[in-house]
Amino acid sequence: MGAVGPVRATQTVRNNAVTLELDSGLALSALRYMILTREVEDRIEKKLYRQGKIVGGVYVGRGQEAIAVGAGLAAEPDDILFPCHRDLGLYFMRGVLPRQVFAQYMGRVGGLTRGKDGNMHMGDLNLKIVAIISAIGAAIPVAAGAALSLKYKGLPHATFVFFGDGATSRGDWHEGVNMAAVLKLPLVLICNNNMYAYSTPLEKQMACQNVADRGPAYGIPSEIVDGNDVFAVCQAVRRAREHACSGQGPYLIECKTFRMTGHAAHDAGLYVPKHLWEEWAKKDPIERLERLMRTRGWADQAEIDQVYKDVRNEVDEAIDWAEHSPYPDPAELLDNVYGPEG
Amino acid sequence: MQTTYLEAIRQGIWEEMERDPNVFLLGQDIGVFGGAFKITAGMLEEFGERRVIDTPLAESGIVGAAIGASMFGLRAVAEMQFSDFISCAFDQVVNFAAKCRYRWGAAIPMVIRAPSGGGNRGGPFHSQNPEAWFVHVPGLKVLTPATAYDAKGLIKSAIRDNDPVIFLEHKGLYRRIKEDLPEEEYTVPIGRARVFRSGEHLSIITYGAMVYVANDAANQLAKEGISVEIVDLRTVLPIDEETILASVRKTSKAILLHEDVLTGGLGGEIAARIAERAFEYLDGPLLRIAAPDTPIPFSPPLEDAFLPKVSGVVEKARWLCRY
Ligand SMILES: Cc1ncc(C[n+]2csc(CCOP(=O)(O)OP(=O)(O)O)c2C)c(N)n1
């Protein structure tokens with residue numbers, strides 16, 4: 001098992017139509033991306049950040065890996081992705097390399113933005129991944145516009161936009177969802193409801209029970225899914241994608257999950273009650289997938305251990321590469337404010 | 001046949017829609033109704049619902065969608081019903097559209113058309129001149145045409161441009177200004193001012209509707225033997241410093257005139273640039289003429305008192321000439 005490259009599992013999913021046939025290949029692919037995501041983020045948050053090698057803040061998706069990876073498995077290569085700040089797995093599935101991510105976090109030219117922006121604020125139009133818009137919720141209307149471009153050109157693809165529960169309080173969220181619903185745009189809305197927005201718990205965020213409750217208000221279907229079950233997420237996103245691509249407009253998926261960290265590396269999350277940490281530790285999406293794989297006989301422990309080993313080796317090399325990537329030349333400061341012609 | 005400023009914009013958009021199938025329009029009431037000011041009248045019938053999109057009442061949604069579509073191969077022309085309401089989309093413009101190319105190399109070839117300006121008794125929410133909000137944002141281009149010729153040529157250039165453009169159409173000029181336009185196709189380059197009127201004794205640097213206030217003042221002053229040069233900026237970001245400096249080096253005196261309020265307005269920025277690069281040519285202080293630092297009032301005597309007037313320009317010009 002070599003370096004983790006762009007995802008290929010989408011073919012498997014397609015061959016098996018909408019109901020996903022689980023098999024060892026798909027499970028192994030999902031496991032690798034989830035472990036890779038966690039390993040990269042653990043190194044950034046628990047090692048490099050504390051060693052002072054990271055520039056700026058660190059926000060990770062620990063405990064939420066199944067959402068990005070599950071959705072990534074359901075995405076076709078030409079679907080447009082708008083990840084949020086806890087969806088690193090999507091980048092790897094589209095072919096971004098761990099070393100580029102480390103360089104990005106260190107402000108080096110080897111990062112996706114060459115040091116013009118930091119941490120998970122990165123994207124690549126060639127990979128159809130749109131760089132995170134820092135203003136929470138602002139991505140939803142923009143994603144609606146990206147979906148509009150697909151419909152305008154008559155392309156059979158969808159746009160996936162990811163966001164947290166907090167984002168659904170922003171006016172932009174509502175404007176974007178309503179616009180997409182009215183114009184029947186192929187937009188898949190994927191919420192990671194991790195019960196907190198920074199320190200703000202759900203009951204201070206919204207007066208309804210579920211984010212999915214918002215769907216009917218816009219005349220769009222919505223469903224709730226176990227966000228820690230990578231295959232459940234994948235199947236829900238497949239359904240949503242089918243709906244969106246068939247001209248029926250957007251579809252809202254609420255993935256119930258838990259943020260197994262503070263909001264960011266500087267935040268220990270002391271405001272989260274102890275019992276939640278304990279309950280959700282038992283639902284860790286990676287351990288859960290490993291259990292499933294062992295039960296089904298898709299992999300034995302030795303094979304799973306091998307995945308960890310390979311990922312760690314790849315990550316070691318990636319960090320080394322990133323640390324050798326130079327800082328940008330200050331002369332680049334003035335570049336690319338405008339296009340070459342103006 | 002003479003073409004109005006309004007019709008000139010309409011023609012420019014129409015021609016670009018015909019020329020490039022990826023150009024599309026979105027905004028409130030622009031399709032069936034043809035837009036609050038009728039700029040897009042007839043376009044739905046000609047180009048269809050796919051390309052002329054009536055949207056919900058949601059400025060941030062409209063601008064966000066325009067950005068997203070423009071990122072993936074289209075050229076969106078979004079209409080704000082009044083430029084005042086662009087503030088509802090401010091974040092999308094300044095925090096996202098303007099920074100995309102710089103952050104991660106994504107071009108946003110989008111135009112936001114925004115009817116601006118006072119004189120129509122529109123009051124505090126339908127009369128503002130928002131250019132200074134956006135001139136402070138690197139990555140944007142901000143256009144302020146004064147003539148029908150420039151309005152048409154600049155809207156065409158804006159639609160072809162690969163960066164986000166804010167196109168400020170002065171409502172007071174829509175039907176008041178008309179001229180013969182060339183039969184053949186033309187564009188006007190973004191980022192270039194032009195000398196609207198050539199003169200010897202002092203320069204008035206201005207843009208938008210104030211070009212005509214400056215011109216009326218220049219006509220009066222001419223009778224007193226004072227020869228005024230008027231520089232019409234046409235684009236306020238990026239600013240055409242060379243044309244401004246060339247004029248000031250020639251006349252040695254300058255008035256910076258705008259309809260926007262004084263504090264933080266473009267006049268201060270232009271004055272600073274002249275002071276930095278043409279100080280030794282100056283024979284008098286740089287004078288700003290602008291609206292006072294108040295919201296734009298509604299009642300006619302109040303709004304008239306708010307807007308810079310010909311008499312005020314004449315008076316300051318005389319004073320500066322004697323200096
Ligand atoms: C408009 C805006 N306000 C505030 C912030 C600061 N901020 C960054 S992430 C965050 C919490 C987001 O919560 P949620 O949308 O639930 O996503 P989560 O972090 O839980 O995944 C806040 C308040 C921001 N980035 N944008």
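Letters A, B, ... mirror the listed sequences (proteins, then strands); counts begin at 1.
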So if I take each residue of [range] and look for any heavy atom under 4.5 Å from a heavy atom in chain A, which residues do I end up with?
| range | value |
| --- | --- |
| residues 57-64 of chain B | B:Ala58, B:Glu59, B:Ser60, B:Gly61, B:Ile62, B:Gly64 |
| residues 76-99 of chain B | B:Asp91, B:Gln92, B:Phe96 |
| residues 150-160 of chain B | none |

With a cut-off of 6.0 Å (strictly less than), are more than 12 heavy atoms of other residues, nucleotides or ligands near [atom1] of [X]?
| X | atom1 | value |
| --- | --- | --- |
| B:Glu49 | CD | no |
| B:Arg50 | CZ | yes |
| B:Tyr186 | OH | yes |

Between [X] and chain B, with a heavy-atom cut-off of 4.5 Å, which part of the residue counts as in contact: side chain, backbone, both or neither?
| X | answer |
| --- | --- |
| A:Val177 | neither |
| A:His174 | neither |
| A:Ala143 | neither |

- prompt: What residue in B:Ile190, B:Asn162, B:Ile67 has the most heavy-atom pairs under 4.5 Å with chain A?
  reply: B:Asn162

Side-chain donor/acceptor of B:Arg103 to backbone N/O of A:Lys116, under 3.5 Å: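 No, B:Arg103 side chain to A:Lys116 backbone: no donor-acceptor pair under 3.5 Å.
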
query: Taking A:Asn336 for the side chain and B:Arg101 for the main chain, is one N or O donor matched with an acceptor at less than 3.5 Å?
result: no

Within a strict 4.5 Å, meaning less than it, do heavy atoms of the [X] and [Y] side chains meet?
| X | Y | value |
| --- | --- | --- |
| B:Phe72 | A:Leu125 | yes |
| B:Met71 | A:Ile80 | no |
| B:Tyr102 | A:Leu333 | yes |

Nearest 0.5 Å please: distance from the [atom1] atom of [X] over to the [atom2] atom of [Y].
| X | Y | atom1 | atom2 | result |
| --- | --- | --- | --- | --- |
| A:Tyr338 | B:Leu237 | OH | CG | 4.0 Å |
| B:Cys100 | A:Asp117 | SG | CG | 10.0 Å |
| B:Leu26 | A:Leu148 | CG | CG | 7.5 Å |

Contacting region of B:Pro21 [heavy-atom separation from chain A under 4.5 Å]: backbone

- prompt: Can you pull out the residues in residues 179-192 of chain A with any heavy atom less than 4.5 Å from chain B?
  reply: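 Contacts with chain B: A:Met179, A:Val182, A:Leu183.
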
